[in-house]
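Structure, as structure tokens:
As a basis for the values below, the full set of heavy atoms in this structure was taken, side chains included, without hydrogen atoms, waters or symmetry mates. In each ligand, atom 1 is the first atom listed, and ligand 1 is the first ligand listed.
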Amino acid sequence: VSPSLRIVVIGAGRMGADHVDRLTRRIVGAKVAAVVDIELARARRAAQADLSIVTASSLEEVLNSTEVDAAVLATPGVLHKDALLELLGRGLPVLCEKPLTPDAESAWSVLEAEQGLGVRRIQVGFMRRFDPEYQRLRGWFVSGALGAPLMLHFVHRNAESPPGFTNEMLINDSVVHEFDAIRFLTGEEIRSVLVRRGRITRHAPAGQHDPQHVLIETESGILADVEIFSNAQLGYQVAAQAVFEDGVVVTGEEQGLRVSSAGRWGGEVPRGFIERFRSVYDAELQSWVNAVRGDQPVGPTAWDGYAAAACCEAGVAAQKSDEKIPVHLKAKPSLYSTLS
Ligand SMILES: NC(=O)c1ccc[n+]([C@@H]2O[C@H](COP(=O)([O-])OP(=O)(O)OC[C@H]3O[C@@H](n4cnc5c(N)ncnc54)[C@H](O)[C@@H]3O)[C@@H](O)[C@H]2O)c1
């Protein structure tokens with residue numbers, strides 16, 4: 001490994017371009033060597049006129065021509081599997097934006113490829129695990145100081161959904177974060193998913209049933225509910241309330257300055273995830289870079305990506321059937337048995 005990790009960023013859309021920016025400006029021990037986007041102009045824009053960065057429209061082109069040590073994968077989730085297999089085939093570590101893949105079968109094929117290497121090469125971009133509040137909330141689950149956990153209530157609101165955002169994407173792209181958060185906080189697998197769809201906001205695009213209420217049960221019977229509301233107008237809100245036998249812990253309260261003026265008081269709601277989670281993405285990327293340089297994998301694994309994909313698959317089936325759908329997981333391979 002060279003002194004500074006040479007990274008290829010694949011997909012230069014909202015997340016990919018933001019990751020290029022953070023790797024260039026804020027992350028220590030890594031530099032962007034190449035940016036790939038099927039729309040070459042986007043790759044060039046993300047490279048911000050840095051002529052040392054190779055830009056290309058195909059991953060293969062870069063891998064055959066440029067030396068890289070690791071990859072950040074930020075194409076849409078349905079495209080992750082092929083790119084992951086290509087990167088694993090070359091033994092390259094990869095930070096894969098969530099979801100690992102959108103369904104359990106394709107996720108499992110990625111796990112099999114990684115097991116063939118005998119080492120963990122994939123970290124999945126479940127960045128909430130790097131949020132200090134989530135880490136402290138997990139501490140309450142681990143310590144048992146408030147008694148046994150009973151319920152979790154989540155709120156996940158976006159100002160408006162991007163064009164083409166489908167009902168399935170409400171689960172696969174949004175609620176996937178809560179599936180992982182529940183697994184991370186409770187240390188348990190998820191047993192079943194049920195989706196309730198009620199009144200639709202007038203702001204929902206045609207064909208999208210927004211908001212939805214997702215009801216989740218873990219293997220020990222902890223109940224969780226998620227309000228997923230993609231066109232909430234007000235900005236971006238992600239919050240959780242954990243209910244224990246002897247107390248309640250709340251995360252994601254709006255913070256920042258409260259301004260009083262002209263007979264009113266108030267603060268700001270972040271516009272989107274990039275503003276809300278900026279420092280958390282920084283912590284995620286820095287931790288990944290440190291782990292790759294030290295050859296010590298940390299953070300959410302491909303197993304976590306697979307388990308979340310199985311939950312998403314159940315969630316999408318639940319949306320269609322209005323029934324409680326069980327989540328079935330294969331046995332956990334030994335490569336993932338140590339805690340991440
Ligand atoms: N962790 C988070 O909070 C978070 C937030 C948003 C998105 N994401 C994830 O990040 C990923 C990207 O999401 P986004 O919002 O940036 O999407 P986006 O549509 O803004 O960007 C995707 C980019 O990939 C490019 N692309 C498409 N096919 C390609 C190919 N074959 N090769 C190279 N580039 C290709 C597109 O041209 C586009 O620029 C998704 O997996 C998404 O779920 C994560």
Side-chain angles (χ1 to χ4, degrees), residues 8-22 34-47 54-63 68 71-87 94-103 106-107 110 122-131 134 154 156-166 168-181 184 228 230 236-238 252 270-285 287-288 299-300 302 304-305 308-309 312:
V8 52
V9 177
I10 309 150
R14 287 181 305 171
M15 275 322 283
D18 195 48
H19 284 326
V20 171
D21 187 60
R22 85 170 24 83
V35 182
V36 178
D37 199 293
I38 201 159
E39 291 188 35
L40 190 56
R42 287 193 181 191
R44 294 215 172 108
R45 208 177 314 131
V54 173
T55 51
S57 57
S58 105
L59 173 59
E60 215 179 355
E61 194 183 322
V62 163
L63 294 179
V68 295
V72 171
L73 180 57
T75 53
V78 286
L79 302 177
H80 288 177
K81 179 182 148 190
D82 289 349
L84 286 169
L85 294 179
E86 172 85 44
L87 294 163
V94 50
L95 177 73
C96 173
E97 264 306 342
K98 44 56 57 173
L100 179 67
T101 69
D103 65 274
S106 57
V110 171
I122 298 173
Q123 178 173 320
V124 182
F126 291 126
M127 81 298 177
R128 289 193 201 169
R129 293 183 182 222
F130 296 89
D131 182 338
Y134 268 74
F154 290 93
H156 188 157
R157 301 185 183 120
N158 296 77
E160 53 188 25
S161 52
F165 209 73
T166 60
E168 288 81 3
M169 289 164 91
L170 286 176
I171 301 290
N172 292 337
D173 281 74
S174 297
V175 180
V176 67
H177 280 295
E178 279 75 25
F179 288 137
D180 185 66
F184 171 67
I228 178 66
S230 249
Y236 183 73
Q237 286 181 322
V238 159
R271 273 185 304 139
F273 44 83
I274 286 177
E275 295 81 5
R276 162 77 163 80
F277 283 118
R278 172 168 280 123
S279 62
V280 174
Y281 294 125
D282 286 356
E284 174 194 41
L285 265 280
S287 161
W288 173 69
D304 296 312
C312 288

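Using 4.0 Å as the threshold, Pro99 has a heavy atom nearer than that to some atom of ligand 1.
Counting heavy atoms under 4.0 Å from ligand 1, residue Pro162 does not touch it at all. Contacts of Asp173 with ligand 1, taken as heavy-atom pairs under 4.0 Å, involve the side chain alone. With a 4.0 Å cut-off on non-hydrogen atoms, Tyr281 touches ligand 1 through its side chain and not its backbone. Contacts with ligand 1 closer than 4.0 Å are made by no heavy atom of Leu59, backbone or side chain. In Arg42, the part holding a heavy atom less than 4.0 Å from any atom of ligand 1 is the side chain. In Lys98, the parts holding a heavy atom less than 4.0 Å from any atom of ligand 1 are both the side chain and the backbone.
Under the 30°/60° scheme for interplanar angles, the aromatic rings of His177 and Phe126 are found to stand perpendicular.
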Begin from the C-alpha positions of Glu178 and Arg128 and carry the test salt bridge (Lys or Arg N to Asp or Glu O under 4.0 Å) through to its verdict.
CA-CA 9 Å; Glu178 279 75 25; Arg128 289 193 201 169; 2.9 Å; yes

Can you check salt bridge (Lys or Arg N to Asp or Glu O under 4.0 Å) on Arg14 and Asp18, steps first, answer last?
CA-CA 6 Å; Arg14 287 181 305 171; Asp18 195 48; over 6 Å; no

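The distance from ligand 1 to the heavy atoms of Gly125 drops below 4.0 Å at these ligand atoms: 1 (N). Those atoms of ligand 1 with a heavy atom of His80 less than 4.0 angstrom away are 41 (O). Taking every heavy atom of Met127 and a limit of under 4.0 angstrom, the matching atoms of ligand 1 come to 1 (N), 3 (O). Within the listing of ligand 1, atoms 41 (O) sit less than 4.0 angstrom from a heavy atom of Gly77.
Checked by distance only, ligand 1 and Pro76 stay at 3.5 Å or farther apart across all their nitrogen or oxygen atoms.
The heavy atom nearest to atom 32 (N) of ligand 1, considering only Val72, Ile274, Val176, Ile38, is found in Ile38. Considering only non-hydrogen atoms, atom 13 (O) of ligand 1 lies nearest to Ala74 out of Gly272, Ala43, Ala74, Gly13. For atom 28 (N) of ligand 1, the choice among Leu40, Leu79, Thr75 with the nearest heavy atom turns out to be Leu79.
Within 6.0 Å of the CZ atom in Arg276, the count of heavy atoms belonging to other residues, nucleotides or ligands exceeds 12.
Asp131 places no side-chain N or O within donor-acceptor distance of the main-chain N or O of Val280, the cut-off being under 3.5 Å. Side-chain N or O atoms of Lys98 include none that pairs as donor or acceptor with a backbone N or O of Val124 at under 3.5 Å.
Nearest protein neighbour of atom 1 (N) of ligand 1, counting heavy atoms only, is Glu97 OE1, 3.1 Å.
Using a 4.0 Å threshold on non-hydrogen atoms, atom 19 (O) of ligand 1 does not count as touching the protein.
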